[in-house]
Each structure stands twice: as structure tokens, then as C-alpha cells.
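Model, not experiment: these values are computed from the prediction. In listed order, ligands and their atoms are each counted from 1.
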Amino acid sequence: MRVVRLESEIDFDGWRDAARALRAEGVAPEAVVWTVERDLFEGAGSFPLHKGEGKAPEVGEGRILKVPAAFVDLAKTVILHRSPERLSLLYRILHRLEAQPKLLANPADANVAKARDMAKNVGRAIHKMHAFVRFRLLEDVTPETFVAWFEPAHRVTEAASPFFARRFANMNWSILTPDACVHWDRSFLTMSPGADPADAPSQDAQEEMWRTYYASIFNPARLNPVMMKQEMPKRYWRNLPEAALIPQLIEQAQNRTDLMVTAQPTKPSERVLKAALRHSRDGSYGESNLVNLEEVAAGVQVCRRCDLWRDATQGVPGVGPALLSGRGANLMIVGEQPGDQEDLQGAPFVGPAGQLLAKAMAEAGVVRAQTFVTNAVKHFKHEPRGKRRIHKTPDRGEVQACRWWLDAERRLVAPKVILALGATAGLAVFGKAVPIGQSRGQPQPLSDGGQGLVSWHPSYLLRVPDPDAKARAYAQLVEDLKQAWTLAAEAF
Ligand code: URA
């Protein structure tokens with residue numbers, strides 16, 4: 001196995017030199033591990049110190065490796081994608097190009113299609129960065145300096161920066177991102193390591209200017225919330241002063257409830273946001289000290305504990321009564337993760353699975369207003385298929401990362417009974433895999449007090465093809481809801 005260690009995530013020259021040398025040696029793609037981490041493969045014969053040579057392999061004499069210029073352009077873009085797979089994918093394509101020089105012209109080839117898709121996403125990320133970076137004036141700094149905080153979907157900070165140098169040539173500015181920061185002093189662009197949002201100012205007098213500008217360009221006749229959401233995903237909103245105007249402008253333009261999609265979440269107070277931000281990147285799994293559900297909701301919006309936030313419209317916190325004056329919801333229902341509709345509307349169980357759950361709850365006599373409904377994972381994990389977003393099951397790491405928010409909700413609601421719907425919720429609530437078919441109907445004590453139950457997830461019921469099996473599972477869900485409700489009412 002050959003291990004190539006690049007100097008950085010976007011080290012194209014390093015990738016090209018190594019790929020060229022490996023290709024010249026005829027090393028198969030399966031025999032190469034690409035990494036940027038240090039010491040991870042210590043002792044595994046890392047490149048360039050392989051074969052005991054102590055130096056990087058060089059391109060074999062007389063073997064000039066020619067690749068189409070289009071491949072070089074594609075590779076320079078693809079390397080900016082966040083997928084860890086990108087480096088090996090590019091080498092796979094390079095490896096095949098010798099025998100198939102026209103490979104890139106074949107859009108049906110899976111490798112080529114994937115690379116082109118990655119390049120398209122990188123292009124989009126650059127475009128979004130150009131559109132959504134907002135500079136704020138630093139107070140009491142001379143010369144006058146502007147700073148912006150931005151979180152690009154891919155590692156495009158450097159690639160996007162010449163645009164800003166041209167557009168804001170006469171300003172001193174810095175753009176801070178978690179990956180890298182770029183600075184312009186009216187002559188040169190320089191890069192420095194990634195930063196923290198706390199390093200950027202949060203508001204200034206320019207905000208009013210942006211808002212005035214945005215209000216003046218807003219054309220209600222052209223209102224298209226779906227397009228707006230696509231073009232301006234909510235995760236960019238918090239950096240956009242004009243975003244505060246959007247709900248108001250939309251409401252004036254068209255009084256329709258489906259415009260909830262574009263409604264900005266209630267703006268949390270400074271204090272709440274500060275508390276939430278503190279925890280949003282915290283890798284620890286210790287108990288949170290968030291004091292109310294508002295803080296949890298704000299924290300979920302800015303959560304970076306795993307990567308699912310990147311492709312989601314927003315985080316979806318739980319909904320229901322908290323432990324106020326010593327009494328929260330007696331029953332908590334935990335699902336897997338928001339689906340397509342929940343992601344757009346920002347509330348749990350409002351799509352097709354939610355409708356089935358609502359029907360079952362009504363049949364079981366469970367009062368939704370007295371129940372806290374939430375999910376194990378707070379962001380929608382999905383992959384695009386054509387125009388649709390297809391649900392993907394969250395993995396253990398994602399469930400574990402998000403458990404921190406669920407645990408905070410559990411502490412603040414203090415339910416007597418938790419009903420976990422499906423395997424992911426079972427894992428999050430009990431901390432171990434719980435087979436639903438064998439475990440349903442049997443309350444288990446929970447570590448934080450109260451009792452836990454499991455049942456079928458409504459999405460599973462929607463997928464069961466056999467009508468008899470579907471009816472049986474539905475009846476069991478109703479039965480389990482009834483049991484959970486009765487148990488919760490009986491508990492002190
Ligand atoms: N499925 C879930 O698990 N939760 C939701 O909120 C919606 C669908």
C-alpha cells in the first residue's frame with residue numbers, strides 16, 4: 001500500500017506530483033491511500049519514504065505523461081470539494097486516461113460523472129460565496145478595515161477571493177472562514193489559517209445600508225420562495241443583514257402559509273445565541289448547561305458537531321412543552337431525523353410520516369400539545385437524485401454527535417416516558433441498538449429517570465409493501481402510543 005500525504009486539503013501541486021509519479025510507476029489506484037493527516041499512517045510505508053529510497057519517486061525517464069488540459073482544470077476544481085474521496089477519484093480517472101484518452105467526453109462513465117458533479121458543486125459554492133459574503137466595518141481600526149465571516153460549502157475561499165479583490169479593490173478587507181482566511185491590503189491577497197466566528201464583528205452601521213438596498217431591489221411580483229430558498233439557502237442567512245427583512249417582505253407580497261418555507265427562524269437574543277454558539281462546535285459529550293429550549297433551538301441552528309448542517313436548509317429542534325414550573329411534557333416522542341418537509345418548514349413530523357404519526361396519535365388518544373416531539377438527529381441527511389432529495393440514514397457518529405442536543409432536550413423537558421420510533425431513535429435514546437420487533441411493548445428504565453419504549457417508525461410503515469403487514473404494524477404503533485401515554489399519565 002502506498003500512502004501519499006498532501007500538505008493541505010487543497011494541495012493540487014502535491015497531488016499532481018504524486019499522481020504523476022505513481023502513474024509513471026504504474027501503481028494501481030487501489031494501492032494508494034491519499035491523506036493530508038500527519039502521522040496517521042506512521043510505519044505503513046508512507047510516500048515519499050517508500051521502498052526505502054527516502055525520496056519521492058520521479059517520473060520514469062523518457063515517459064512523458066500527457067493528460068488533456070480539461071482534466072487538469074477538472075482536477076483543480078474537484079480538489080476543492082470536501083469529499084475525502086476526491087483525491088482517489090481523480091487518480092482513478094488519471095490512471096484510466098492513458099488507455100482511454102477520450103474518457104472525459106463520456107458523461108455516462110461513473111467516475112467522470114462523479115467528478116463533474118463535484119466540480120459543479122464547487123462552482124456553486126464559489127458562486128454562493130461571491131453572492132453572500134457581507135463585510136462589516138471594524139470599529140476603531142485605521143486604516144479602515146472590513147471583515148466578513150463566511151462558511152463555504154466547499155474549500156473555495158482561495159479560489160473565490162480574486163473576485164473580491166477586483167470588486168473591493170480600494171478597501172482593506174479580510175474574509176474569515178473555518179478553513180482559511182484571505183486578506184486584501186489593496187495590493188496583495190494573502191492567506192492565513194482558518195478562524196472562528198467570534199473573530200468577526202457581528203454587526204455595524206453597514207447593516208442598515210444592506211437592508212435598504214435589499215428592500216429596494218425586492219420585487220414582490222417575482223416572488224418565488226422555492227427559487228429563493230435554492231438560491232439563498234437559510235444557512236447563509238445569518239451572515240446577511242438583509243435576511244431580517246425577508247419574512248416581512250414576503251408577508252406583504254403574498255399572505256400564504258406555505259411561505260413558511262422562507263420565514264426566518266425567530267431571532268434569538270444575544271445571550272441565547274452566545275450560549276448556543278459556545279456549544280455548537282464543542283466536541284465534548286458532557287452534560288450541556290443550556291438553560292432553556294430556546295437555547296437548544298438556537299444551538300441546533302448553528303451546530304457544527306457533525307457535517308450534516310452543510311446540506312440542510314436548517315436544523316430542526318424538538319417542539320412541545322418544556323419543564324416549566326416543575327412540569328414538562330410527560331411523554332417525549334423521538335423520531336430519526338427531519339425529512340424533506342421538516343427541513344423546509346423547520347418543525348418535526350410535519351411531512352407524510354408526520355401525518356401518519358398524527359393519525360396514530362389521535363387514535364391512541366395522545367394529545368400532541370402535551371407531548372414533546374423531536375428527533376435523534378436534527379439535520380436532514382439526504383442525497384440529491386434528480387430534483388428530489390432522498391433520505392439517507394444517519395450513521396452512528398452523527399447520532400452520537402447529535403445526542404448532545406437530544407440529551408439537553410431530555411434534561412429540559414424531563415419526560416416520564418420516551419417513545420423511540422425506529423432503530424436510530426432507539427440507539428439515541430438507549431445508547432445501544434434496540435431491535436424494535438423484539439423490544440416493543442416492554443418499558444425499560446432510562447439512565448436519566450423515566451422509562452423508555454420503542455415502536456415502529458411511521459416512515460417504515462409507509463414503505464411496507466404488503467397491506468396486511470402494514471396494517472399490523474400500524475395497529476402496533478397505535479398500541480405502543482397508547483401504552484406510552486398511559487404509562488406517562490400514571491407516573492409521578
Ligand atoms: N421522520 C422523522 O424521523 N422525523 C421527522 O421529523 C420526520 C420524518
Checking heavy atoms under 4.0 Å, the part of H457 that sits near ligand 1 is side chain
Using a 3.5 Å distance criterion without hydrogens, assess whether the side chain of R304 forms a donor-acceptor pair with backbone atoms of V302.
yes
Is the F164 ring parallel, tilted or perpendicular to the H130 ring (thresholds 30°, 60°)?
perpendicular
At under 4.0 Å between heavy atoms, which part of E342 makes contact with ligand 1: side chain, backbone, both or neither?
side chain
Taking the side chain as every heavy atom from C-beta outward, state whether L421 and E336 have any pair of such atoms under 4.5 Å apart.
no
Closest approach of any protein heavy atom to atom 4 (N) of ligand 1, naming residue and atom
N375 OD1, 2.7 Å
Within residues 111-123 or reaching into it, pairs that qualify as salt bridge (charged side-chain N to carboxylate O under 4.0 Å, His left out) - sequence neighbours excluded:
E85-K114
Within a distance under 4.0 Å of any heavy atom of G335, pick out the atoms of ligand 1 and give their elements.
3 (O)
Classify the side-chain pair T157/D179 by whether it contains a donor and acceptor separated by less than 3.5 Å.
no
Atoms in ligand 1 flagged as close to E336, the criterion being non-hydrogen separation under 4.0 Å
2 (C), 3 (O)
N or O contact, G339 vs ligand 1, cut-off under 3.5 Å
no
Could you work out, with side chain to side chain donor-acceptor pair (under 3.5 Å) as the rule, every residue matching D448, not counting sequence neighbours?
R410
Taking only heavy atoms of P348 into account, list the atoms of ligand 1 that are under 4.0 Å away from them.
6 (O)
Heavy atom of the protein closest to atom 2 (C) of ligand 1 (residue, atom name, distance):
Q337 O, 2.9 Å
